[in-house]
Amino acid sequence: GLTIRAPFDGMVASVNVQDRDAVPPNAAILMLVNLSSYELEIALPEEYAGDTKIGMPATIDAGGRAFEGVVAAVSPEVVNSQVTATVAFRGAAPEGLKQSQRLTARLVFESKKNVLKVARGAWLESGGGHHAYVVDNGTAARRDLVTGAASVSEVEITGGLKEGETIVSSDTTAFENANKVMLR
């Protein structure tokens with residue numbers, strides 16, 4: 001009655017109890033690593049928890065190469081303003097991975113094609129995302145914009161800017177909402 005069987009073949013990574021320890025029900029006894037499938041445990045800011053769904057695509061960076069992944073699980077619990085999720089490799093995992101190795105995963109919440117986008121910068125906060133300064137021949141003119149989806153590094157522009165135009169991406173608070181400023 002003291003035999004424990006894992007649901008998969010694996011390797012014992014760590015043992016959490018000592019010989020003759022009393023173990024309460026559902027306590028972790030050991031860590032078993034499934035060497036046939038690798039998964040990443042990621043920590044998400046809680047504001048992304050509601051948008052993170054099982055089956056959502058992800059990109060995993062391992063050794064400078066990108067691999068396709070998929071969200072396999074999302075914890076229902078928030079701990080220290082973060083939610084834990086699991087990302088599994090879709091297809092073959094890279095060779096040579098180790099348990100507890102650090103990798104980078106990027107979740108794909110939305111993917112759009114043929115959009116006008118600009119680099120996210122201080123201009124977004126200083127203009128509230130409603131306007132930007134468009135550069136033309138040594139001057140920058142204030143122009144109303146309509147922004148769409150935003151990522152950590154880019155912002156979609158859905159109105160007010162044309163392809164090829166350049167905007168001031170730094171903080172524009174010093175411009176004091178002037179209609180036109182001269183650049184040096």
Go through the structure and list residues passing side chain to side chain donor-acceptor pair (under 3.5 Å) with Arg106, not counting sequence neighbours.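 Arg106: no side chain to side chain donor-acceptor pair (under 3.5 Å) contacts found.
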Using residues 5-24 as the side-chain source, report each donor-acceptor pair under 3.5 Å to any protein atom, sequence neighbours left out, with the distance given to one decimal.
from: Asp21; atom 1: OD2; to: Gln18; atom 2: N; distance (Å): 2.7

Side-chain heavy atoms nearer than 4.5 Å, only ILVMFWY residues, links allowed to pass through others: does that put [X] and [Y] together?
X: Ile60; Y: Val70; answer: no
X: Leu30; Y: Ile4; answer: yes
X: Val115; Y: Val118; answer: no
X: Leu40; Y: Leu32; answer: no
X: Leu145; Y: Val168; answer: no

Under 3.5 Å, which donor-acceptor pairs link side chains of residues 147-154 to any protein atom two or more places apart or in another chain?
from: Ser151; atom 1: OG; to: Ser153; atom 2: N; distance (Å): 3.2
from: Ser151; atom 1: OG; to: Glu154; atom 2: N; distance (Å): 3.0
from: Ser151; atom 1: OG; to: Glu154; atom 2: O; distance (Å): 3.4
from: Glu154; atom 1: OE1; to: Lys117; atom 2: NZ; distance (Å): 3.3

Please list all pairs passing the ring pair (Phe, Tyr, Trp, His ring centres under 6.0 Å) test where one or both residues lie in [range], with sequence neighbours left out.
range: residues 15-39; answer: none
range: residues 57-87; answer: none
range: residues 95-148; answer: Tyr48-Phe109, Tyr133-Phe175
range: residues 144-170; answer: none

What heavy-atom pair brings Leu107 and Ala58 nearest, and what distance separates the two atoms?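 In this case the closest contact between Leu107 and Ala58 is CD2-CB, 3.7 Å.
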Minimum-distance pair of heavy atoms, taken over all atoms of Glu39 and Ala88: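 Taking Glu39 first and Ala88 second, the nearest heavy atoms are CG-CB, 4.0 Å.
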Is it true that atom [atom1] of [X] has more than 12 heavy atoms of other residues, nucleotides or ligands lying nearer than 6.0 Å?
X: Glu47; atom1: CD; answer: yes
X: Glu95; atom1: CD; answer: no
X: Glu41; atom1: CD; answer: no

Apply the hydrophobic cluster definition, ILVMFWY joined by side-chain contacts under 4.5 Å directly or through others, and give me every member besides Met182.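 Joined to Met182, directly or through intermediates: none.
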Does [X] reach the side chain of [Y], with side-chain heavy atoms less than 4.5 Å apart?
X: Val71; Y: Ile42; answer: no
X: Val134; Y: Leu161; answer: yes
X: Leu103; Y: Leu97; answer: yes

Can you name the salt bridge (charged side-chain N to carboxylate O under 4.0 Å, His left out) partners of Lys98, sequence neighbours left out?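 Scan of Lys98 (salt bridge (charged side-chain N to carboxylate O under 4.0 Å, His left out), adjacent residues dropped) gives none.
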Suppose we screen for side chain to side chain contact (heavy atoms under 4.5 Å, CB included). Which residues come up paired with Asp171, at least two apart in sequence or across chains?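 Partners of Asp171 under the side chain to side chain contact (heavy atoms under 4.5 Å, CB included) test: Ala122, Ser126, Thr173.
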Side chain to side chain contact (heavy atoms under 4.5 Å, CB included) with Glu125: which residues, sequence neighbours excluded?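 Partners of Glu125 under the side chain to side chain contact (heavy atoms under 4.5 Å, CB included) test: Arg120.
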If you measure from CD on Glu165 to CG on Asp136, what distance do you get to the nearest 0.5 Å?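 Answer rounded to 0.5 Å: 8.5 Å.
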Hey, could you give me each pair passing side chain to side chain donor-acceptor pair (under 3.5 Å) that has a residue in residues 51-78? Not counting sequence neighbours.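 Not a single pair qualifies under side chain to side chain donor-acceptor pair (under 3.5 Å).
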